[in-house]
Amino acid sequence: MTTKNLSRSWLSILGLSITMALAGCTGVVNIPAPDTTPLQSPYSANTNNEASNAVDFTQCPSFNPKNNLCTMQYDPVCVTIKTKSEINYRTAGNACSACGTPEASGYVKGECS
(Lines give C-alpha, C1' and ligand atoms only; values in the text may rest on other atoms or scores of the structure.)
Protein backbone atom coordinates (compact mmCIF):
# COMPACT_ATOMS: atom_id res chain seq x y z
CA MET A 1 0.00 0.00 0.00
CA THR A 2 1.35 3.38 -0.89
CA THR A 3 1.64 6.34 1.42
CA LYS A 4 -0.94 8.22 -0.62
CA ASN A 5 -3.54 5.44 -0.27
CA LEU A 6 -2.77 5.09 3.45
CA SER A 7 -3.36 8.80 4.13
CA ARG A 8 -6.65 8.67 2.15
CA SER A 9 -7.81 5.75 4.29
CA TRP A 10 -7.06 7.62 7.52
CA LEU A 11 -8.80 10.74 6.24
CA SER A 12 -11.85 8.70 5.26
CA ILE A 13 -12.00 7.05 8.68
CA LEU A 14 -11.53 10.40 10.43
CA GLY A 15 -14.22 12.04 8.29
CA LEU A 16 -16.64 9.16 8.92
CA SER A 17 -16.01 9.30 12.68
CA ILE A 18 -16.63 13.05 12.84
CA THR A 19 -19.82 12.72 10.77
CA MET A 20 -21.17 9.96 13.02
CA ALA A 21 -20.33 11.91 16.18
CA LEU A 22 -22.08 15.03 14.93
CA ALA A 23 -25.10 13.09 13.67
CA GLY A 24 -25.54 11.51 17.10
CA CYS A 25 -25.89 14.94 18.73
CA THR A 26 -28.87 16.01 16.63
CA GLY A 27 -31.30 13.70 18.42
CA VAL A 28 -30.62 15.08 21.92
CA VAL A 29 -33.77 16.49 23.49
CA ASN A 30 -33.40 19.65 25.54
CA ILE A 31 -35.19 18.97 28.85
CA PRO A 32 -35.48 21.94 31.20
CA ALA A 33 -34.18 21.53 34.76
CA PRO A 34 -36.85 20.59 37.32
CA ASP A 35 -38.27 23.23 39.63
CA THR A 36 -36.85 22.47 43.07
CA THR A 37 -38.68 25.21 44.96
CA PRO A 38 -40.24 23.66 48.11
CA LEU A 39 -44.01 23.43 48.02
CA GLN A 40 -45.84 25.49 50.59
CA SER A 41 -48.43 23.65 52.62
CA PRO A 42 -51.55 25.49 53.81
CA TYR A 43 -50.35 24.93 57.39
CA SER A 44 -46.88 26.44 57.03
CA ALA A 45 -48.22 29.98 57.47
CA ASN A 46 -49.89 29.07 60.78
CA THR A 47 -48.38 30.74 63.81
CA ASN A 48 -49.42 28.03 66.24
CA ASN A 49 -49.01 24.84 64.25
CA GLU A 50 -48.93 22.43 67.20
CA ALA A 51 -52.28 23.37 68.75
CA SER A 52 -54.28 24.72 65.81
CA ASN A 53 -53.86 21.58 63.71
CA ALA A 54 -54.65 19.05 66.42
CA VAL A 55 -57.46 17.67 64.23
CA ASP A 56 -54.91 16.93 61.48
CA PHE A 57 -52.55 15.09 63.87
CA THR A 58 -51.21 11.86 62.35
CA GLN A 59 -50.10 9.16 64.78
CA CYS A 60 -46.68 7.60 64.07
CA PRO A 61 -46.66 3.80 63.66
CA SER A 62 -44.70 1.79 66.21
CA PHE A 63 -40.98 2.40 65.71
CA ASN A 64 -39.09 -0.32 63.85
CA PRO A 65 -35.62 0.75 62.60
CA LYS A 66 -35.51 -2.14 60.11
CA ASN A 67 -38.58 -0.79 58.29
CA ASN A 68 -37.61 2.89 58.37
CA LEU A 69 -36.35 3.68 54.85
CA CYS A 70 -37.27 7.22 53.79
CA THR A 71 -36.89 9.29 50.65
CA MET A 72 -35.35 12.75 50.75
CA GLN A 73 -38.53 14.43 49.49
CA TYR A 74 -39.00 17.78 51.23
CA ASP A 75 -42.55 18.06 52.56
CA PRO A 76 -42.10 19.50 56.08
CA VAL A 77 -44.07 18.30 59.08
CA CYS A 78 -44.09 19.34 62.73
CA VAL A 79 -43.23 16.33 64.90
CA THR A 80 -44.36 15.86 68.49
CA ILE A 81 -41.54 14.37 70.56
CA LYS A 82 -42.56 12.95 73.93
CA THR A 83 -39.93 12.31 76.56
CA LYS A 84 -40.52 11.27 80.17
CA SER A 85 -40.74 14.82 81.47
CA GLU A 86 -41.82 17.02 78.54
CA ILE A 87 -43.26 17.39 75.06
CA ASN A 88 -41.18 19.10 72.36
CA TYR A 89 -41.79 19.95 68.73
CA ARG A 90 -39.35 19.93 65.82
CA THR A 91 -39.64 20.30 62.05
CA ALA A 92 -38.81 17.19 60.02
CA GLY A 93 -38.24 17.01 56.26
CA ASN A 94 -41.15 14.63 55.64
CA ALA A 95 -43.60 12.34 57.42
CA CYS A 96 -41.37 9.27 57.10
CA SER A 97 -38.37 10.91 58.70
CA ALA A 98 -40.64 12.44 61.35
CA CYS A 99 -41.45 8.99 62.72
CA GLY A 100 -37.81 7.84 62.54
CA THR A 101 -37.26 7.90 66.30
CA PRO A 102 -39.01 5.98 69.07
CA GLU A 103 -39.79 9.27 70.91
CA ALA A 104 -41.90 10.64 68.03
CA SER A 105 -45.61 10.25 68.71
CA GLY A 106 -47.04 11.96 65.62
CA TYR A 107 -46.98 14.99 63.34
CA VAL A 108 -49.01 17.66 61.57
CA LYS A 109 -48.32 19.01 58.07
CA GLY A 110 -46.20 22.13 57.87
CA GLU A 111 -43.21 23.54 59.71
CA CYS A 112 -43.26 24.07 63.47
CA SER A 113 -43.63 27.65 64.53
Side-chain angles (χ1 to χ4, degrees):
M1 195 180 263
T2 66
T3 307
K4 189 175 187 181
N5 287 340
L6 187 59
S7 64
R8 282 187 188 168
S9 296
W10 281 106
L11 286 175
S12 296
I13 292 172
L14 179 64
L16 181 61
S17 298
I18 292 172
T19 303
M20 289 175 60
L22 292 175
C25 293
T26 60
V28 175
V29 179
N30 185 13
I31 300 173
D35 181 15
T36 57
T37 307
L39 299 174
Q40 296 294 319
S41 79
Y43 305 110
S44 61
N46 253 337
T47 57
N48 191 4
N49 207 10
E50 298 85 22
S52 65
N53 294 323
V55 174
D56 298 323
F57 185 80
T58 302
Q59 188 76 29
C60 285
S62 58
F63 179 70
N64 183 349
K66 292 180 183 178
N67 294 335
N68 196 25
L69 296 174
C70 302
T71 64
M72 293 185 64
Q73 173 186 348
Y74 185 71
D75 188 13
V77 294
C78 183
V79 187
T80 303
I81 308 283
K82 291 184 180 179
T83 59
K84 292 179 182 178
S85 59
E86 61 185 7
I87 296 175
N88 292 312
Y89 304 96
R90 70 172 177 85
T91 300
N94 58 42
C96 179
S97 63
C99 295
T101 63
E103 295 83 19
S105 63
Y107 59 90
V108 293
K109 284 189 152 287
E111 295 180 5
C112 298
S113 48

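Listed by chain and residue number, nothing satisfies the side chain to side chain contact (heavy atoms under 4.5 Å, CB included) test with L69 (two or more places apart in sequence, or in another chain). The side chain to side chain contact (heavy atoms under 4.5 Å, CB included) test applied to T71 returns Q73, N94, not counting sequence neighbours. By the side chain to side chain contact (heavy atoms under 4.5 Å, CB included) test, T58 is found to be paired with Y107, residues two or more places apart in sequence or in another chain being considered.
Considering every non-hydrogen atom in both A98 and A104, the closest pair reads O-CB, 3.3 Å. In this structure, F57 and G106 approach most closely via the heavy-atom pair CZ-CA, 3.3 Å. Of all non-hydrogen atoms in C70 and S97, the two that sit nearest each other are SG-N, 3.5 Å. Pairing each heavy atom of T91 with each of P76, the nearest pair is CG2-CB, 4.1 Å. Here the closest heavy-atom approach between residue C99 and residue F63 is recorded as O-CD1, 3.8 Å.
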Check against side chain to side chain contact (heavy atoms under 4.5 Å, CB included), I81 and Y89: CA-CA 6 Å; I81 308 283; Y89 304 96; over 6 Å; no
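For the pair D56/K109, no side-chain contact is recorded, criterion being any heavy-atom separation below 4.5 Å from C-beta on.
Q59 places a side-chain N or O within donor-acceptor distance of the main-chain N or O of S105, the cut-off being under 3.5 Å.
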